[in-house]
Every structure is written in structure tokens, then in C-alpha cells.
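First comes the structure, then the notes that go with it.
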Protein chains: 2
Amino acid sequence: MSVRQTKTKSLILESLQKSKQAISHETIQHELEGHVDRATIYRVLNRFCEEGIVHRVVGDDGKQYFAICLNCAEQHHQHNHFHFRCISCGKVECLQQEIALNLPKGYKAQNFNGVVSGYCDLCTRTDK
Amino acid sequence: MSVRQTKTKSLILESLQKSKQAISHETIQHELEGHVDRATIYRVLNRFCEEGIVHRVVGDDGKQYFAICLNCAEQHHQHNHFHFRCISCGKVECLQQEIALNLPKGYKAQNFNGVVSGYCDLCTRTDK
DNA sequence: TAATTATTGCGACTTAGTTGCAATAATAAG
DNA sequence: CTTATTATTGCAACTAAGTCGCAATAATTA
């Protein structure tokens, strides 16, 4: 199954690149001003994940967020970094710090999903 | 708003205690053999979380899992440990290792949610 | 230019979790 | 023990996220 280059895909990829953060399906849909169907966006995002150009994070709000793979496309491709989700402004950003995890004997890791939620610097000062 | 002791609550608490793991609403409902309403289970679990006797983990499957707070009831009460979710048998267990996280300046953590999914020892050997 | 088939839009569907409301039952007050 | 107060429960309806089947559209290849 080959891959085709389409306008929709390009737009979604742009959205992801422009925002240097992890964004939700909703954000993308909003940015595309409703010109693209919900289901399509989901499918494209899932495709990008398969292709390894994007990684998925599930927030502690139960929602999926997607972010461009930066320094891992060529590398091992395990994303052992955390994400910070701001409860106030809603942004989700990748934290640099890589985490070393000790799994019990015989356990095989497949997917790392680390999220901390709280208040980002801006919201801590602004909001209150 | 005070707290009342009810049969339902006791049963749910027992389920949580018996299973030394993080379990989903579904598991509890199953264990209670459908004698308790879905919504009630959710409400009780949320209550337990508020009271601080249980902590909630959101898996990378987007579902909520609940586990008794073991060595933190008296302590600081931040659960900086990871959870392992087995893709094959579905169990979710708390890992001991505590994680030290460096947040950017000014960021305030509120909730730690770490999950690694993969195959547990048993499933690695059994399943295939 | 035509044929192949990945992609898209639409609508219907699933699953997790929440909420309003009336009925029930723990607990406190008398 | 009886009554009053109100936390808790069950039910049904609802929301929101995400998926899926199918027919129509449009990249790519021949």
C-alpha cells in the first residue's frame, strides 16, 4: 500500500509543524476551519503515526495529542520523554528530559506515554 | 458534605484492595456481577480519588484505571511512579521506581500520569 | 488518456464517562 | 425508637472521542 500526497495531508502536516507542540485533532480541525472532515483528520493522523513522522500522546484527560517527531526519525524511535499539559490554557508540550525506565524482568516495552499536567509558567502568573 | 458508609462503597473498595493492581471501572463492574449501576461505580471511584484513598491513572488506551494508594496516604501524595499496561492480558500494575521530573521554570505540576504499555513477562512467554 | 487504488466525506456507530432527577437509605437529631 | 436531613443510588438520557463501511473523488502509474 503506497502513499499519496494530497492537499489535506499537507495542510495537516503544516499545522503540526507550525505549532511546535503536541496538538489535538480538535485543534487541527479548527485550524483547517472545518474544511476537512473529522474522520479524515483522524485517519491522516493515524497514518502519520504508522509512518513514524508523528507520535501520539494520550493525555491524562484521555484525549490524543499528536506531535512531529523531532530528533527521533532516524534514531531508535522510542519517545521516552514526558509531556506537559497545562490545565489552564490547554497546551501540551514535549519536555526534553529523557526518562530511563526499569521494567521488571521479562517485560517488553512497546509504548511510552508520560504526561504531567498542571499550570505552565504563563498561566501560573497570569491566571491568578 | 460528609461521607456515608454504604454496602456498595465497601464492595468497590474491597475489589480494589483484593486486586493488587490498577483496575478499570469495567473490571469492578464485572466483579460486582452487575449488581451495581455503572454510573454509581464511576461516582464512587471519583469520590475515592477526592478522598485520596485511591489514585487514578489514564492509560495510553485512553481509559481510566484506579488503584489503592499504598505508601502515600500519609505522605506527600504525589504518585510519581509509572504503570505498566500489558497489551495482551490487559493488566495494569504500578511500578515501584519513582521518577524525578524537571519541569521548566515556573511550571507547577498537579498530576503525574506515566504509563508504559507492552507485554508482561507471562504474556511474552506464553502468548507467542 | 485511461486504469488503478489511496484518500476523502458522509453518516452511522461504539465506547467511556457524566449528569439530572426522583427514589432510597445512612446518619444525626429529638 | 422515630423522624428529619441529605448522601447515595439507579435509571435514562446525554456528550465527546474516536472508528468504520461505503460510495465518490482524485493522485499516481501505465
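Chain identifiers are assigned alphabetically (A, B, ...) following the order of the sequence lines, protein sequences preceding nucleic acid strands; residue numbering begins at 1 within each chain.
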Between atom [atom1] in [X] and atom [atom2] in [N], what is the gap in whole Å?
| X | N | atom1 | atom2 | value |
| --- | --- | --- | --- | --- |
| B:R47 | C:dT19 | CZ | P | 15 Å |
| B:D60 | D:dA17 | CG | P | 19 Å |
| A:Y65 | D:dA16 | OH | P | 14 Å |
| A:D61 | C:dT18 | CG | P | 12 Å |
| B:E50 | D:dA7 | CD | C1' | 13 Å |
| B:Q64 | D:dA16 | CD | P | 16 Å |

Practice prompt. Identify, with sequence neighbours excluded, every residue that meets ring pair (Phe, Tyr, Trp, His ring centres under 6.0 Å) alongside A:F84.
Written response: B:Y107
Fill in: For B:Y42, ring pair (Phe, Tyr, Trp, His ring centres under 6.0 Å) partners two or more places apart
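Ring pair (Phe, Tyr, Trp, His ring centres under 6.0 Å) check on B:Y42 returns B:H25.
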Worksheet item: Do you see a donor-acceptor pair shorter than 3.5 Å between the side chains of A:E31 and A:S15?
Response: yes
Practice prompt. Could you tell me whether the side chains of B:R56 and B:N46 share a donor-acceptor contact shorter than 3.5 Å?
Written response: yes
Discussion item. I need the residues from residues 25-42 of chain A with at least one non-hydrogen atom less than 4.0 Å from DNA chain D; give them sorted by number, or say none.
Written reply: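 A:R38, A:A39, A:Y42, in order of number.
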Worksheet item: Where along nucleotides 21-30 of chain C does protein come under 4.0 Å, by heavy atom, of base (B) or sugar-phosphate alone (S), with - for untouched nucleotides?
Response: ----BBS---
Worksheet item: Using a cut-off of less than 4.0 Å, is there contact between a side-chain N or O of A:K63 and OP1 or OP2 of D:dA16?
Response: no
Worksheet item: Any donor-acceptor pair under 3.5 Å linking the side chain of A:S10 with the backbone of A:T6?
Response: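 The answer is yes, because a donor-acceptor pair under 3.5 Å joins these two groups.
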Worksheet item: Just by modelled atom types, is the B:C94 backbone N or O under 3.5 Å from a matching donor or acceptor in the B:Q21 side chain?
Response: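 No; judged by distance alone, with no hydrogens or angles, the pair does not exist.
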Worksheet entry | Residue pairs involving residues 81-92 of chain B (criterion salt bridge (charged side-chain N to carboxylate O under 4.0 Å, His left out); sequence neighbours excluded) |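 Of all non-adjacent pairs touching residues 81-92 of chain B, those that pass salt bridge (charged side-chain N to carboxylate O under 4.0 Å, His left out) are B:D60-B:R85, B:D61-B:R85, B:K91-B:E93.
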Worksheet, complete the sentence: Contacts of A:D37 meeting side-chain contact (heavy atoms from CB on, under 4.5 Å) (sequence neighbours excluded), chain-then-number -> A:A39, A:T40
Worksheet item: So with a 6.0 Å cut-off around CD of A:E26, is the heavy-atom count from everything else above 12?
Response: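 Check fails, neighbour count at 12 or below.
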Item to complete: Would you classify A:N46 as touching base, sugar-phosphate or nothing, given that sugar-phosphate means primed atoms plus P, OP1 and OP2, and contacts are heavy atoms under 4.0 Å?
Response: sugar-phosphate
